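Below is one structure, written out as structure tokens; the observations come after it.
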Amino acid sequence: MEPISTITGKAVVLPVENIDTDQIIPARFLKVTDKSGLAAGLFEAWRYLPDGTPNPDFPLNRPEAAGATILISGRNFGCGSSREHAPWALQDYGFRAVLAPSFADIFRSNALKIGLLPVTIEQAIYDELVAMYANDPQMALTIDLAAQTVTLPDGRQVGFPIDAFSKYCLLHGVDQLGFLLNQADAIAAYEASHPQPVKTTG
Amino acid sequence: MSKPRTLFEKVWDAHLVRPETPETPAVLYIDLHLIHEVTSPQAFTELRQRGLRVRRPDKTLGTMDHSTPTTPRNHLGIIPVIDPMAISQLEQLRKNCAEFGIPLFELGDENQGIVHVIGPEQGLTQPGMTIVCGDSHTSTHGAFGALAFGIGTSEVGHVLATQCLLQRKPKTCAVRIDGRLGPGVTAKDIILALIAKYGVGGGTGYVFEYMGEAIRSLSMEERMTICNMSIEGGARAGMVAPDDTTFEYIAGRPFAPKGADFEAAVARWRTLPTDEGAVFDHELTLSASELKPMITYGTNPGMGIPIDAPVPRPEDMPDARSRAALDKALAYMGLEPGKPLLGHPVDVVFIGSCTNSRLSDLRQAAQFFRGRKVAPGVRVMVVPGSQQVKRAAEAEGLDRIFKEAGAEWREAGCSACLGMNDDKVPPGKYAVSTSNRNFEGRQGPGARTMLASPLTAAATAVTGVVTDPRTLMN
């Protein structure tokens, strides 16, 4: 995983609340056995018209959204299924961070694992960003992970929370499995001192 | 005296390999890891790339459910898979389980079924356990007093390699459901009403513990229906304290402890319920006695109403954001605000999914099909949750009731709940579905889903329009 320090980039606003993982990537795109090419299914039902041509009204399809790396969306982003294909698809499309007033628990956890930064902002800041974007669809933001700040287009800085361990892993580009593998002795000790409730192998 | 603890806290504490610190999350031990074909392949790839083994194949079980067809068996007794991508995914799971020594209930196996149906029916799901699966409806298993939640594929890899997860301790929320359900009102209506009241984000950050008179009086299958949809309320897990209903359900199942071991287990399980005086971080309440059958009109599970109520009007919404959300939902659903859903024509009825595909659900549905016909022009899919459920239903003749009425009786799987196979709702068509999600396109591109109980779905199937099941009851 690539370390993340700061993310500066163009933002695109998708002003919808409760965007579920079936919108982010519909289930019929989950029949893959790898992670590649999922961008093709990202927001598929919203990005394309029934005849398969791009929907010109969808924010990601507007010319000024080309190259956007930061997605701004309404509260409870990523609700629904546990599919990690959702953050994979966002990352595959080119997004490096998602800003929203709140995230669904599993989506947040999945995004943190793969280095797609979920940034929780206050509802009032979100409302301001929606208004700013309406005036300037080229607006850019800077996210400083070490300082836990977002620099808004008008220069103001707002803070965001992130779990210390996830922050460390993202800053240093280390994945969480390595940490768990280093717990092998403690895991073995736990297993030795706890009875096994069920054994699937019979 | 030690500090009084909640059910969740007892299970959490008992599985700490390492407690959390400000710098590091807890290392939580997992007793049972269920895997399926859709969310596991990339985790096995990761394992191979790093040269890792599956630490505890004896705490892991695979099944095939999401992308499997539910079409009838052929003359050789085989369920044919024709989608090349599904074939590849199922083959990959077979290969992964064989290589790493993981038991697998594959397509055609007598124990195959939806992952959240087979865990309980095999007796693998027991009180006090930690259970995870790469599927958000893992919350279902919480009905037994287990801590059970959905995980992403990276975490599937973590559990395969270490049998552990890194977790921050969630907050606790007591969900008190008092009173008793009236006739025709079911567990599904409880959970739909709860989510309608508190919203799809209301449980974010919490583990629910359902309690109160209404919960105590429910069967295990009904409790599973409620815990199943905890995630639709935003809660990653939902739990019910184990009691005699729980123990009676588990007794005698294949993986349940036997004889003296069972008695010892029950004695341990009896210590799990929340202690008197234990404190929850939050509390939600609902009165079961006032509930009516529920149905959803919109594009998230929180957009639900009592079946005889009108579809909400945007101008009655409290703020601009909820007005915009309602406008968007009603445009997708093609529904008029202010009008009731009762009497609205329906094209498809789906009875199945990890929410409502167990024997009691099928029995409930069958009572309205008995001696009646599916309304003309309506397609009815009845999809049992597992091969065991299918056999049990057939043993009591439920399949004949469905088929004689004109409904399709299919093989076990997730089916039209998420439309990964051919079981879909056509674009623009209306479905009453016993599943858990009415998201845009969930049951197929352009599908318009109304979530309801098996009773409401069955009543609708035989009338062809959204119907209050109480009007068909004697």
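Residue numbers begin at 1 in each chain, while the letters A, B, ... track the order of the sequences. What you see is a predicted model; the values in this text were computed from it and never measured. All values below were derived from every heavy atom in this structure, side-chain atoms included, with hydrogens, water molecules and symmetry-related copies excluded.
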Measure A/Ala186 against the heavy atoms of chain B and call it side chain, backbone, both or neither at under 4.5 Å. both
Students often mix this up, so state it plainly: with edges at 30° and 60°, are the rings of A/Phe103 and A/Phe77 parallel, tilted or perpendicular? perpendicular
Contact part of A/Val16 toward chain B, heavy-atom cut-off under 4.5 Å: side chain, backbone, both or neither? side chain
Which bit of A/Pro26 is near chain B, if near means a heavy-atom gap under 4.5 Å: side chain, backbone, both or neither? neither
Chain B contact via A/Ser81 - side chain, backbone, both or neither, heavy atoms under 4.5 Å: both
Should the heavy atoms of other residues, nucleotides or ligands under 6.0 Å from CD of A/Glu2 be counted, would the total exceed 12? no
Counting only heavy atoms closer than 4.5 Å, note whether A/Arg75 contacts chain B via side chain, backbone, both or neither. side chain
Would B/Glu91 and B/Lys95 count as a salt bridge (charged side-chain N to carboxylate O under 4.0 Å, His left out) if you check the C-alpha gap in whole Å, the side-chain angles of each, and the deciding distance to 0.1 Å? CA-CA 6 Å; B/Glu91 189 47 47; B/Lys95 188 173 151 233; over 6 Å; no
May I ask you to check whether A/Phe179 and A/Phe165 place their ring centres under 6.0 Å from each other? yes
With a 4.5 angstrom heavy-atom cut-off, could you sort out which part of B/Thr138 is near chain A: side chain, backbone, both or neither? neither
Atom group of A/Gln176 that falls short of 4.5 Å from chain B, counting heavy atoms: both
Ranked by heavy-atom pairs below 4.5 Å to chain B, first place among A/Thr201, A/Val198, A/Asn76, A/Thr33 goes to A/Thr33
Is the number of heavy atoms from other residues, nucleotides or ligands under 6.0 Å of A/Glu122 CD greater than 12? no
Whatever's closer than 4.5 Å to a heavy atom in chain B on A/Glu44 counts as neither
Where does A/Ala188 contact chain B at under 4.5 Å (heavy atoms): side chain, backbone, both or neither? both
Segment of A/Asp34 engaging chain B (4.5 angstrom heavy-atom cut-off): backbone
